[in-house]
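Only one structure is covered here, and it is reproduced in the block below.
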Amino acid sequence: MRILILNGPNLHLLGRREPETYGRASLSQIEEALRETAAELGVEIECRQSNWEGRLVDWIGEAPERFDGIVFNPAAYTHTSVALRDAIAGAGLPVVEVHISNVHAREEFRRRSYTAAVCLGQICGLGTAGYDWALRALVQHLKSRSNREATHEY
Ligand code: CA2
């Protein structure tokens with residue numbers, strides 16, 4: 001089982017600024033912790049970050065060729081991007097949306113997510129640990145789905 005870990009704009013700055021909102025861990029530290037969780041769960045992960053909406057759209061579109069699911073923090077594009085929503089819906093892979101901060105407790109514009117409705121689920125407000133929960137939830141979903149398919153239970 002292969003999972004794509006995708007991070008959107010400015011998340012490469014994690015750990016360098018706004019620690020009160022986003023914590024002190026860098027993106028590399030978060031990715032390292034996810035590699036440990038992946039090893040524990042017996043799955044493979046690949047981690048990517050881009051500030052470019054079109055690149056994220058391309059990666060999501062290509063993902064079904066190589067991945068079984070996506071853990072995705074679309075960052076600011078969450079609140080603006082119909083293109084990312086359409087890419088997720090079109091890919092047909094289960095996606096767990098992650099936000100480090102509690103977007104519902106911040107500015108009004110952060111409460112709307114264009115992407116959440118086409119995702120399997122959303123985790124927000126649990127800090128950078130949210131990525132770990134998201135990976136575990138996604139893997140559990142994929143494993144139980146493949147068990148159901150193997151036993152023809154629907
Ligand atoms: O809470 C989250 O994970 C967000 O997706 C982070 C986005 C924000 O636009 C969303 O509303 C919620 C912002 C990512 C920017 O990350 C930075 C990290 C350090 C310093 C500056 C920006």
Side-chain angles (χ1 to χ4, degrees), residues 1-41 43-64 66-142:
M1 191 177 289
R2 290 179 57 85
I3 309 294
L4 177 61
I5 311 288
L6 211 50
N7 277 288
N10 295 312
L11 287 163
H12 63 299
L13 299 172
L14 282 173
R16 287 187 233 164
R17 278 188 265 143
E18 300 187 49
E20 63 291 346
T21 308
Y22 300 119
R24 296 196 178 280
S26 66
L27 186 56
S28 316
Q29 287 169 328
I30 293 167
E31 291 172 348
E32 202 40 56
L34 284 172
R35 282 191 192 94
E36 284 177 25
T37 301
E40 176 198 321
L41 298 173
V43 302
E44 285 177 55
I45 62 168
E46 189 169 313
C47 302
R48 301 181 193 167
Q49 186 274 334
S50 181
N51 295 329
W52 295 79
E53 186 178 15
R55 185 166 291 158
L56 294 164
V57 168
D58 284 347
W59 283 342
I60 292 166
E62 293 157 9
R66 294 188 47 215
F67 299 97
D68 301 294
I70 306 174
V71 170
F72 187 24
N73 185 343
Y77 291 140
T78 307
H79 318 297
T80 62
S81 181
V82 177
L84 282 172
R85 179 197 180 106
D86 289 348
I88 293 168
L93 288 180
V95 177
V96 178
E97 179 173 315
V98 179
H99 298 288
I100 298 165
S101 63
N102 182 353
V103 287
H104 303 288
R106 300 180 64 191
E107 301 96 326
E108 179 72 34
F109 68 85
R110 292 188 205 275
R111 291 193 194 151
R112 180 180 62 183
S113 169
Y114 277 98
T115 42
V118 289
C119 289
L120 177 65
Q122 184 198 56
I123 292 175
C124 80
L126 301 181
T128 53
Y131 287 96
D132 187 79
W133 292 116
L135 179 58
R136 290 177 189 277
L138 180 58
V139 170
Q140 184 165 320
H141 169 82
L142 287 165

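All ligand and atom numbering here is 1-based and tracks the order in the structure. Treat the numbers as computed from the prediction; the structure is a model and nothing was measured.
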**Prompt:** Can you name the one residue among Leu142, Leu138, Val95, Leu93 that meets side-chain contact (heavy atoms from CB on, under 4.5 Å) with Leu120?
**Reply:** Leu138

Would you be so kind as to tabulate the donor-acceptor pairs closer than 3.5 Å made by side chains of residues 125-136, with sequence neighbours excluded?
residue : atom : partner : partner atom : Å
Tyr131  : OH   : Asn7    : OD1          : 2.6
Tyr131  : OH   : Asn73   : ND2          : 3.1
Asp132  : OD1  : Thr37   : OG1          : 2.4
Asp132  : OD2  : Arg136  : NE           : 2.8
Arg136  : NH1  : Glu40   : OE2          : 2.9
Arg136  : NH2  : Glu40   : OE1          : 3.1

**Pairing residues for Glu20 by the side-chain hydrogen bond (donor to acceptor under 3.5 Å, both in side chains) criterion, not counting sequence neighbours** = none

Could you list each nitrogen or oxygen of ligand 1 that sits under 3.5 Å from a protein nitrogen or oxygen, with the atom names and the distance?
residue  : atom   : partner : partner atom : Å
ligand 1 : 1 (O)  : Ile100  : N            : 3.2
ligand 1 : 1 (O)  : Ser101  : N            : 2.8
ligand 1 : 1 (O)  : Ser101  : OG           : 2.6
ligand 1 : 3 (O)  : Asn73   : ND2          : 2.9
ligand 1 : 3 (O)  : Ile100  : N            : 2.7
ligand 1 : 5 (O)  : Asn73   : OD1          : 2.9
ligand 1 : 5 (O)  : His99   : ND1          : 2.9
ligand 1 : 9 (O)  : Ala76   : N            : 3.4
ligand 1 : 9 (O)  : Arg110  : NH1          : 3.0
ligand 1 : 11 (O) : His79   : NE2          : 2.7
ligand 1 : 11 (O) : Arg110  : NH1          : 2.8

**Prompt:** Partners of Val103 by side chain to side chain contact (heavy atoms under 4.5 Å, CB included), sequence neighbours excluded?
**Reply:** His79, His99, Ser101, Arg110, Cys124

**Asked** Any chance CZ of Arg35 has more than 12 other-residue heavy atoms, nucleotides or ligands included, within less than 6.0 Å?
**Response** yes

**Item:** Ser113 and Glu97: side chain donor to acceptor below 3.5 Å
**Value:** yes

